[in-house]
Amino acid sequence: MPYNIAVCVKPVPDPKHYDRVTIDPVKKTITRAGIPTLINPPDKSAIEAALQLRERCGGSVVVISMAPPDGAEILREVLAMGADEAFLLSDRALGGADTLATSYTLLHGLKKIEAAKGFRFDIVLCGNETADGATAQVSSQLGEWLEYPHLWNVSALESKGTDGEGKETFLLRTKMENGYMEWTAQTPFVLGIARDMTKPRFTSVMGIMKAKNKPLTVWNRADLDTAEDTYLGLPGSPTQPGVIFSPDLKRSGELLTGTPEEIVGRITAILRASGVVTGG
Amino acid sequence: MSKKIWVHAEVADGKLLNVTFELLSKAHELAEALGKDTVVETTLLGSELEEEARRLAEWGAETVYLVDDPDLQMYSPVTYVPVLAGLATSHGPDIWLFGATAVGSTLGPAVAARLKTGMAAHCVDLRINEGGKLSAYVPSFGGKVIGEILCPDRTPQMASVKPAIFVKKDPVPVKGRIEKQDLSAWKGKLGTGTLKPVNVVRRPPQGMPLNEAEVVVCGGFGVGSRENWQLLEELARYLNGATACTRPPVDEGWSGEYCMVGTSGQSIRPKVYIGFGISGATHHICGMNEAGVVISVNRDEEAPIFQVSDFRVAADVNSILPLLIEAVRPKT
């Protein structure tokens, strides 16, 4: 059966360049100038999972993001990967949101899409965490706001066939310490997708051409007419930021020199001095 | 009015996790800072857990809120979230700590959303500020920046902490009591839907658990090949330690995500960390900077890992690793 699938994505500064993140000593804000923005890596795995579901079962893949206006470029990339339509929720009033406010905003974005389309989303996917904040909380909190069952760190999603009423049952796996947990579920549900669940496809030239004509809608605060200010942006966030600092983790760093044999001799001496038994 | 600090206790295979005791130790520190009449209590959900509940009560939980039912044997958001949210609504904790485990990382924020309160994720430090509020320190941008997170106006002030971030200290003598509640009390309030946990599959433990090992041999992209990776594992075995990795060896298929160290993996605090071919991305350093002694081998003298190392070896992994194995190989 066809599914209405939503994928939540976030543009993040490229994690390869986080050593260039600094704190402005005067304004006490984070400076990330010059670091390119890309799709949060686990979100790509979620997009791929959604596209595979659509290819197998039919339906549509809608992407949604809460981001500054330049987030549109990232959404255009997701459309080029194969998503059908994109929505950007962008407004200063939404800025500074913590995970509760972010998931609340996404809820009302999804509600607005549902109202416009006249359907309910069956499957909502997120990457399991973002590279920048890495709280990994949004998918679980979005599940609560939507009142859908939710799983996090999902590493497999397979069909187990359909029941008598034609409803499909899925077999899911979530990662656990030293193993995994297996689940069965029928839609609707919200999933936080693990980065290695799928291998995201590359964007083709044809995909990029097609993406130019796909709908990309930008909504501001006023468009989210069902949302209350109580849970929006920084003022609506239960958590508030305090001080920020860069931790000083520097160590003395004695350079061990000499022949490889001499260096190994030093290492074993350091090991023994630290109470590690060697050469038993 | 007396204040309450809660720790959500977690079990795997019917046994309490180390992180629960690490959090209890921290909770007692926070309680002391909050004032003498502050109590430390725990929540515990599962099946046949009375013995573990008694352990908590003896260890330092003044009240153990236990909901024990066969239906809670495996975690499910459909049952655990409403039960925990209900306990909090009835008892009003001021602070609530969760282990940032596979379950805690999704259960905690879900409960926070139910209670419309704030949760700080993956904290590296927790303190009580001058206003008597929880001040949580959270890494972002792969640990390059640490930010303070407050939850000034709503309760409980929630926080999650990865295993091995805090240290398990001695038990705190209290006369703890167990307050057992029946799952039937939540009849009609549990979630609906078709989601069902089927089973938990755990790999048999391979060698020393990473966050308990006193020696960790960690490899990065510079290890170069699957064959060399086996040398790392051999070295770890001889040192009675564990092998760990950064992201690239996982992507290369040399190692598994289960032993990845850093912001999206585990945090470790071994006595000795020996890194081979690791560049030292901030994401990784965030997970290993509590190590006692850090020895790094990398042929790139400019590698950032050297900035956070006690001993630097500017050499190719292949010139050091085989010799080191020979030097520590048990003599027969």
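Just so we're clear, the structure is a prediction, and the values are computed from it rather than from any experiment. Residue numbers start from 1 in every chain, and the chains themselves are labelled A, B, ... in the order their sequence lines are given, proteins ahead of strands.
- Options A/Asp98, A/Ile270, A/Asn153 differ in how many heavy-atom pairs under 4.5 Å they form with chain B, and the most are formed by A/Ile270.
- Contact annotation for B/Glu214: neither backbone nor side-chain heavy atoms come within less than 4.5 Å of a heavy atom of chain A.
- In this structure, the side chains of A/Arg195 and B/Asp251 come closer than 4.5 Å at one or more pairs of heavy atoms.
- Contact of the B/Leu324 side chain with the A/Ile267 side chain is registered, since non-hydrogen atoms from C-beta on lie closer than 4.5 Å.
- Heavy-atom distances place the side chain of A/Arg32, and not its backbone, under 4.5 Å from chain B.
- Heavy-atom distances place both the backbone and the side chain of A/Gln240 under 4.5 Å from chain B.
- For B/Arg202, the parts lying under 4.5 angstrom from a heavy atom of chain A are both the backbone and the side chain.
- For A/Glu129 against B/Ser264, the heavy-atom pair with the smallest separation is OE2-CB, 2.8 Å.
- For A/Val276, the part lying near chain B is the side chain, with the backbone staying farther off; criterion is any non-hydrogen pair under 4.5 Å.
- In this structure, A/Arg266 CZ and B/Ile295 CD1 are separated by 9.5 Å, a value rounded to the nearest 0.5 Å.
- Options A/Val243, A/Thr22, A/Leu172 differ in how many heavy-atom pairs under 4.5 Å they form with chain B, and the most are formed by A/Val243.
- Heavy atoms closer than 4.5 Å to chain B are found in both the backbone and the side chain of A/Tyr180.
- Neither the backbone nor the side chain of B/Glu326 comes within contact range of chain A; no heavy atom of the residue lies under 4.5 Å from a heavy atom of that chain.
- Residues B/Pro197 and A/Met181 have side chains in contact (heavy-atom distance under 4.5 Å, counting atoms from C-beta outward).
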Does A/Arg251 form a side-chain contact (heavy atoms from CB on, under 4.5 Å) with B/Val294? I'd like the steps, not just the answer.
CA-CA 9 Å; A/Arg251 299 192 185 218; B/Val294 176; 3.6 Å; yes
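- For A/Asn128, no part lies near chain B; criterion is any non-hydrogen pair under 4.5 Å.
- With a threshold of 4.5 angstrom between heavy atoms, B/Asn199 approaches chain A through its backbone and through its side chain.
- In this structure, B/Asn211 CG and A/Glu177 CD are separated by 9.0 Å, a value rounded to the nearest 0.5 Å.
- If you measure heavy-atom distances from B/Thr101 to chain A, the contacts under 4.5 Å come from both the backbone and the side chain.
- Of the atoms belonging to A/Pro13, it is side-chain heavy atoms, and not backbone ones, that fall under 4.5 Å from chain B.
- A/Phe245 and B/Tyr137 have tilted rings, their planes meeting at an angle from 30° to 60° on a 0 to 90° scale.
- When heavy atoms are compared at a cutoff of 4.5 Å, A/Leu142 does not approach chain B at all.
- If you measure heavy-atom distances from B/Leu107 to chain A, you find no contacts under 4.5 Å at all.
- Of the listed residues (A/Thr268, A/Thr187, A/Ile244, A/Thr184), the greatest number of heavy-atom pairs within a distance under 4.5 Å of chain B belongs to A/Thr184.
- Residue contact with chain A, scored on non-hydrogen atoms closer than 4.5 Å, involves the side chain of B/Val215 exclusively.
- Put simply, the side chain of A/His150 never gets that close to the backbone of B/Pro77: no donor and acceptor are under 3.5 Å apart.
- A/Ile23 touches chain B through its side chain: at least one heavy atom from C-beta onward sits under 4.5 Å away, while N, CA, C and O do not.
- For a residue to count as touching a neighbouring chain, one of its non-hydrogen atoms must lie under 4.5 Å from one of that chain's; by this rule B/Ser135 does not touch chain A.
- For B/Ala281, no part sits under 4.5 Å from any heavy atom of chain A, backbone or side chain.
- In this structure the side chain of B/Phe141 reaches within 4.5 angstrom of the side chain of A/Ile30, judged on heavy atoms.
- Looking at heavy atoms from C-beta onward, A/Pro238 lies out of side-chain contact with B/Lys116 at the 4.5 angstrom threshold.
- Residue B/Tyr75 touches chain A through both its backbone and its side chain, counting heavy-atom pairs closer than 4.5 Å.
- Taken to the nearest 0.5 Å, the NZ atom of B/Lys196 stands 9.0 Å off from the OG1 atom of A/Thr169.
- Using a 4.5 Å cut-off between heavy atoms, A/Leu255 contacts chain B through both its backbone and its side chain.
- Under a 3.5 Å cut-off, the side chain of A/Gln141 and the backbone N or O of B/Pro109 do form a donor-acceptor pair.
- Per-residue counts of heavy-atom pairs under 4.5 Å with chain B were compared for A/Ser139, A/Gly143, A/Ser246, A/Pro247; the largest is that of A/Pro247.
- The side-chain heavy atoms of A/Thr174 and B/Thr106, taken from C-beta on, include no pair separated by under 4.5 Å.
- Interface remark: B/Val138 contributes no atoms to any contact with chain A (heavy atom separation under 4.5 Å).
- Here the side chains of B/Ser76 and A/Trp183 are in contact, with some heavy-atom distance below 4.5 Å.
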I'd like to know whether B/Val103 forms a side-chain contact (heavy atoms from CB on, under 4.5 Å) with A/Met176, so could you lay out the CA-CA distance, the side-chain angles of the two residues, the decisive distance to 0.1 Å, and finally the verdict.
CA-CA 8 Å; B/Val103 167; A/Met176 296 284 284; 4.1 Å; yes
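- Using a 4.5 Å cut-off between heavy atoms, B/Pro139 contacts chain A through its backbone alone, with no side-chain atom that close.
- Among A/Thr257, A/Thr135, A/Val12, the residue with the largest count of heavy-atom pairs under 4.5 Å with chain B is A/Thr135.
- Using a 4.5 Å cut-off between heavy atoms, A/Tyr231 contacts chain B through its side chain alone, with no backbone atom that close.
- Top candidate by heavy-atom pairs under 4.5 Å with chain B, chosen from A/Thr230, A/Leu151, A/Leu171, is A/Leu151.
- Below 4.5 Å, heavy atoms of chain B meet no heavy atom from residues 160-167 of chain A.
- Within the 4.5 angstrom heavy-atom criterion, no atom of B/Met158 approaches chain A.
- Both the backbone and the side chain of B/Val200 come within contact range of chain A, with heavy atoms under 4.5 Å apart.
- When atom types are taken as modelled, the side chain of B/Thr194 and the backbone of A/Gln186 share a donor-acceptor pair closer than 3.5 angstrom.
- Distance check: A/Glu261 CD to B/Ile320 CD1 gives 8.5 Å after rounding to the nearest 0.5 Å.
- Between B/Arg154 and A/Leu100, the closest side-chain pair of non-hydrogen atoms falls below 4.5 Å.
- Within the 4.5 angstrom heavy-atom criterion, atoms from both the backbone and the side chain of A/Leu256 approach chain B.
- For B/Arg312 (side chain) and A/Gly253 (main-chain N/O), a donor-acceptor pair under 3.5 Å exists by modelled atom type.
- Rounding to the nearest 0.5 angstrom, the gap separating the OG1 atom in A/Thr239 from the CD1 atom in B/Ile149 is 5.0 Å.
- Interatomic distance, CD of B/Glu257 versus OG of A/Ser155, reported as 9.5 Å (0.5 Å rounding).
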